[in-house]
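Reviewing the structure listed below.
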Amino acid sequence: MPFNKQIKLKTAVLLPFVIIFLVTFGVIAFVQKGNYEQMVQDISNKQLTYLTNNVEQRLYNFLEEPFLANLNLSHNIGFNRLYQKGNTKKIEDFFHSNFSVLYQSISQMDVVGFGGINAEYVGFRKELDHNYTLMVQDRRTQNQLVIYQNNTISRDIRSVIENYDPRIRPWYAPVAESQKPMWSSIYTNADERQEITLSSLSPVFQDDQFVGVTVTDVKIDTFNAFLREMKHQTEADVYIFDEEHRLIAHSSAGGVVSWGTSLSPKGARLLTTENASPVIKASAQRFKQLKPSENTTNKNFVTYVNADRYFNKVTPFKDEFGVHWYIGVSISEPMLLGEVPYNQRNAWYIGLLISIFGIGIGYIAFNRITAPITSTASAAEHLARGDWTSPMPKSGNIYETSLLVHAFNEMANNLKASFKALRTQLVYDSLTKLYSREGLVESCSNLKNLNGCLFLIGIDKFRDINDSLGHQLADQLLIAIAQRLKSIFASDAYIARIGGDEFALYLPLVQNEQEIQDEAQRILQLFTTPYSMPNEPIAVNVSVGIVHNFDSSNMTVWLRNGSIALSNAKLDSTRISYYAPEMAGVSRKRTQMVTLLKVAIEKREFVPFYQPIVDLNSGEVLGAEALARWVSPELGLVPPTEFIPVAEESGLINTIGEQILVQACIDTVKGIEEGKWAFDFRMHVNLSVSQLSSYLFLPQLEEILRVTQLSPSNLALEITESKIVDNDPIILNNMVALKKLGIHIAIDDFGTGYSSLSYLHKLPFDCLKIDRAFVLQLNQDHLEESIVAAIINMMKGFKVHLIAEGIETQEQVELLHQLNCPQGQGFLFSKPIPYHEWPTNLVNMRQKTAN
């Protein structure tokens with residue numbers, strides 16, 4: 001009877017579950033399909049627009065340069081009255097002196113020529129060896145077109161063309177009629193090359209009389225090379241064609257000239273539908289099928305080639321001088337989305353298989369629900385016979401089953417719990433419930449060999465966190481860290497807390513280099529999100545020491561080597577270090593560096609270099625930032641990345657910072673007195689948190705101002721946002737005291753940290769510096785959604801000065817103008833320089849920012 005009830009329970013539970021699962025799976029699949037198609041359309045539109053704009057801009061520049069050059073040539077011929085009937089010598093000399101310059105700067109320009117009203121012609125043509133040849137038709141050549149082997153008239157003649165009349169050529173006749181600059185139609189040259197050419201044309205007026213036409217031929221192959229490079233980089237197919245749907249340029253292999261087909265005779269340009277690329281051919285055919293009203297404007301459409309979906313966009317391209325072309329761009333769905341479509345499909349298959357597997361497991365589980373009842377009955381029979389050594393029944397997951405077997409297992413469970421508690425005290429850490437150091441060593445001793453990878457994770461500056469939060473909250477933070485480690489890493493990982501602020505993670509199955517790197521990055525990624533504490537979030541940074549490929553089966557030795565690697569990781573910018581035997585030598589080198597730093601401090605070898613801070617609207621230099629540089633007589637100029645980390649670790653950074661502050665104050669007073677800087681010039685000096693958190697800092701600063709005679713209003717102290725300890729009352733009190741003295745406070749590298757965002761309104765600051773990483777990300781397409789825009793909008797209520805760091809291009813200045821960012825600094829204006837190299841006029845900042 002119980003067996004029959006179990007079958008009924010199984011049927012009652014499993015059948016509704018299967019029905020709900022199938023319905024839910026179908027609804028999710030339908031919704032995700034729609035979302036996927038919408039995502040594909042959005043991404044394809046953006047990518048095709050970006051590629052088209054790129055080609056349009058490059059094509060515009062490609063055509064504009066030779067056209068402007070041609071206009072300049074025609075103007076100079078007429079202005080200097082170089083045309084003489086029957087004699088092109090002056091124009092030849094003029095072209096000879098200018099063509100080599102144009103040849104170097106405008107690579108796509110192939111020929112520069114002039115045709116006169118009396119059938120004269122003179123021109124220079126670029127050759128494959130980068131030299132150029134002369135072409136002349138006037139009295140000197142008996143009115144025959146002579147093409148020479150070099151760039152002067154000589155006996156070395158390449159070819160002679162008789163009865164050549166430039167006035168009937170496609171590059172002359174339209175301009176003679178309209179007497180306006182224009183582009184020619186695409187035509188075939190009359191020289192021995194017979195190349196298909198596009199020419200920029202301009203009339204020449206001498207004494208207000210039309211005397212001829214200047215022409216510059218453009219090598220379309222140059223633009224073909226650009227399109228092929230774009231295809232190599234983006235996997236997009238691009239083609240350019242005219243109103244007759246004949247190719248001008250394309251990104252696939254081969255030319256644009258027909259060798260003779262039913263549609264295009266030999267020597268004519270191929271139709272777009274005759275292109276060798278199946279992608280371009282399919283796109284061209286689909287575009288021609290569109291209604292006339294549809295294919296005259298920007299149009300997106302879809303084609304299929306070899307079962308792959310392609311997204312296409314055809315855009316008209318026109319200019320004021322007669323060009324009317326079309327730009328076609330095609331990109332495949334795999335290239336646009338990568339492996340997303342396949343991964344999505346595979347994910348559904350895997351999900352379906354897992355669900356089916358889960359249902360099967362559930363079926364088996366229900367069959368086993370009655371097992372505790374059967375085992376309890378059997379145990380009761382053994383106990384009735386006095387067999388106390390028989391195995392005790394196991395509790396099931398049903399309340400009634402557990403209640404049934406509880407009486408049999410209570411004593412055994414109590415004994416096991418007592419034994420487990422004794423063992424736990426030795427093997428497990430009482431706070432985090434992870435392995436202790438001894439527990440890790442003991443657990444790993446049971447392994448056959450240690451050929452996996454050991455990660456030692458050390459919390460950076462945990463003492464500061466402990467002092468800031470208090471011991472109780474610091475313990476809660478350690479528990480939260482342990483929970484994250486356990487939630488991320490697999491059950492076969494060995495996790496331990498081996499010290500107050502150190503954790504060990506041994507992964508026996510991680511052995512190759514790539515897996516080790518991936519796991520190390522996972523560990524660092526684990527700490528990118530702040531930890532939620534009762535009062536406010538806490539950002540935690542860690543360093544990771546790694547031991548692998550180590551020939552020892554003793555985990556104690558592994559832990560010792562891991563500790564050496566961890567110490568090295570705390571000094572590395574990546575916060576990751578692999579143990580190597582030579583690390584002992586590195587430790588000695590670090591000790592030597594500390595010694596050198598102490599000597600350098602005694603000899604006052606640390607000096608400030610200054611980088612200007614500029615008003616982005618007027619170009620005025622408002623101030624400068626003092627940056628610490630070590631100028632050593634033996635080592636030369638030592639990069640800050642080599643000595644700053646060691647100085648911070650050894651505690652010497654405070655003394656170095658004090659020296660920089662003193663010299664910066666002295667230089668500021670001197671610069672104002674000498675007229676190099678304005679009376680309201682503001683010197684920015686970086687301040688470490690350890691300086692600001694000291695009771696002695698404020699009296700030291702007042703003494704520096706008294707001795708140097710610097711006005712407090714000329715000094716701004718910069719504090720890195722990510723390093724501010726928000727709960728330290730000393731820091732807040734010192735910042736308030738600095739404001740009372742009239743000293744300005746700037747928050748540096750804003751946006752890179754987490755700890756200060758929630759209490760920013762509590763800090764007494766009057767200047768905020770936007771980190772250079774966000775300035776580098778600025779672009780016109782997403783300007784308003786940028787982090788810089790968000791910071792500027794957020795700061796409107798604070799009424800503080802904003803300075804954008806790391807400005808390197810004029811485009812960044814223009815984008816910051818649009819966002820109303822008032823000030824900036826960066827290499828665009830000047831690199832950091834010593835005081836004696838700062839000239840009276842550092843740079844024409846007004847011109848740089850205005851242009």
Side-chain angles (χ1 to χ4, degrees), residues 429-437 454-489 493 495-505 507 517-546 562-563 565-577 645 648-649 688-690 692-693 719-728 731 747-760 762-763 771 773:
D429 175 59
S430 59
L431 178 64
T432 63
K433 309 307 178 185
L434 301 176
Y435 281 124
S436 64
R437 187 184 191 92
L454 175 68
F455 299 86
L456 253 65
I457 307 167
I459 303 174
D460 296 340
K461 299 183 179 179
F462 182 75
R463 179 178 297 177
D464 295 339
I465 297 176
N466 198 24
D467 294 340
S468 174
L469 297 178
H471 293 291
Q472 185 175 0
L473 289 179
D475 286 347
Q476 293 183 17
L477 176 62
L478 292 172
I479 294 172
I481 292 172
Q483 290 173 345
R484 281 196 186 181
L485 287 172
K486 288 189 291 186
S487 66
I488 293 297
F489 291 97
I495 310 174
R497 181 188 176 208
I498 60 173
D501 59 353
E502 292 184 8
F503 294 84
L505 173 65
L507 302 176
Q517 293 177 14
D518 293 343
E519 296 298 341
Q521 291 301 321
R522 286 181 67 193
I523 293 172
L524 294 181
Q525 188 68 26
L526 189 66
F527 293 89
T528 56
T529 304
Y531 286 80
S532 298
M533 291 289 103
N535 295 330
E536 55 198 4
I538 297 297
V540 176
N541 296 319
V542 298
S543 302
V544 182
I546 302 174
S563 180
L566 178 60
S567 298
N568 192 68
K570 290 179 180 292
L571 303 176
D572 194 293
S573 60
T574 64
R575 317 307 294 175
I576 297 176
S577 178
E648 289 179 340
E649 182 187 26
S688 69
V689 173
S690 58
L692 191 58
S693 61
I719 308 169
T720 302
E721 178 234 359
S722 60
K723 295 183 178 179
I724 298 177
V725 181
D726 45 348
N727 287 328
D728 193 337
I731 289 180
I747 303 299
D748 193 18
D749 295 340
F750 183 76
T752 61
Y754 301 96
S755 59
S756 63
L757 291 176
S758 62
Y759 67 96
L760 191 63
K762 300 179 183 178
L763 301 179
D771 186 66

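Everything quoted here is computed from the prediction, not taken from an experiment.
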* Structure fact -> Sorted by chain and number, sequence neighbours left out, side-chain contact (heavy atoms from CB on, under 4.5 Å) with Gln521 holds for Leu524, Ile576
* To do: List for me each residue that meets salt bridge (charged side-chain N to carboxylate O under 4.0 Å, His left out) alongside Asp518, sequence neighbours excluded, and say none if there are none.
  => none
* Residues in side chain to side chain donor-acceptor pair (under 3.5 Å) contact with Thr574, at least two apart in sequence or another chain -> Asp572
* Structure fact -> For Arg522, the salt bridge (charged side-chain N to carboxylate O under 4.0 Å, His left out) test, sequence neighbours excluded, returns Glu519
* To do: With sequence neighbours excluded, tell me which residues meet side-chain contact (heavy atoms from CB on, under 4.5 Å) with Ile523.
  => Phe455, Ile457, Phe489, Leu505, Phe527, Val544
* To do: Sequence neighbours left out, what passes side chain to side chain donor-acceptor pair (under 3.5 Å) with Ser577? Give chain and number order.
  => Asn568
* Sub-4.5 Å side-chain heavy-atom contact between Asn541 and Arg575 -> no
* Atom CG in Asp501, atom NZ in Lys461: separation rounded to 0.5 Å? -> 13.5 Å
* Grab the two heavy atoms, one from Ala569 and one from Gly545, that are nearest each other, plus how far apart they are. => CB-N, 4.4 Å
* From Gln476 CD over to Leu431 CG, what is the distance, rounded to the nearest 0.5 angstrom? -> 9.5 Å
* Would you say the side-chain atoms of Arg484 pair up with the backbone N or O of Lys486, donor to acceptor, closer than 3.5 Å? -> no
* **Leu478 side, atom CG; Phe462 side, atom CZ - distance, nearest 0.5 Å** => 4.0 Å
* Can you name the residues that form a ring pair (Phe, Tyr, Trp, His ring centres under 6.0 Å) with Phe503, not counting sequence neighbours? -> none
* Asked: For the atom pair CD (Glu648) and NZ (Lys570), what is the distance rounded to the nearest 0.5 Å?
  -> 13.5 Å
* How long is the span from the CG atom in Leu507 to the CG atom in Leu454, to the nearest 0.5 Å? -> 9.0 Å
* Structure fact -> Here the pair of heavy atoms bringing Leu526 nearest to Tyr531 is O-OH, 4.1 Å
* Structure fact -> Applying side chain to side chain donor-acceptor pair (under 3.5 Å) to Thr432 and not counting sequence neighbours gives Asp429
* Listed partners of Arg437 passing salt bridge (charged side-chain N to carboxylate O under 4.0 Å, His left out), at least two apart -> none
* Can you tell me how far the CG atom of Leu434 sits from the CD1 atom of Ile498, to the nearest 0.5 Å? -> 11.5 Å
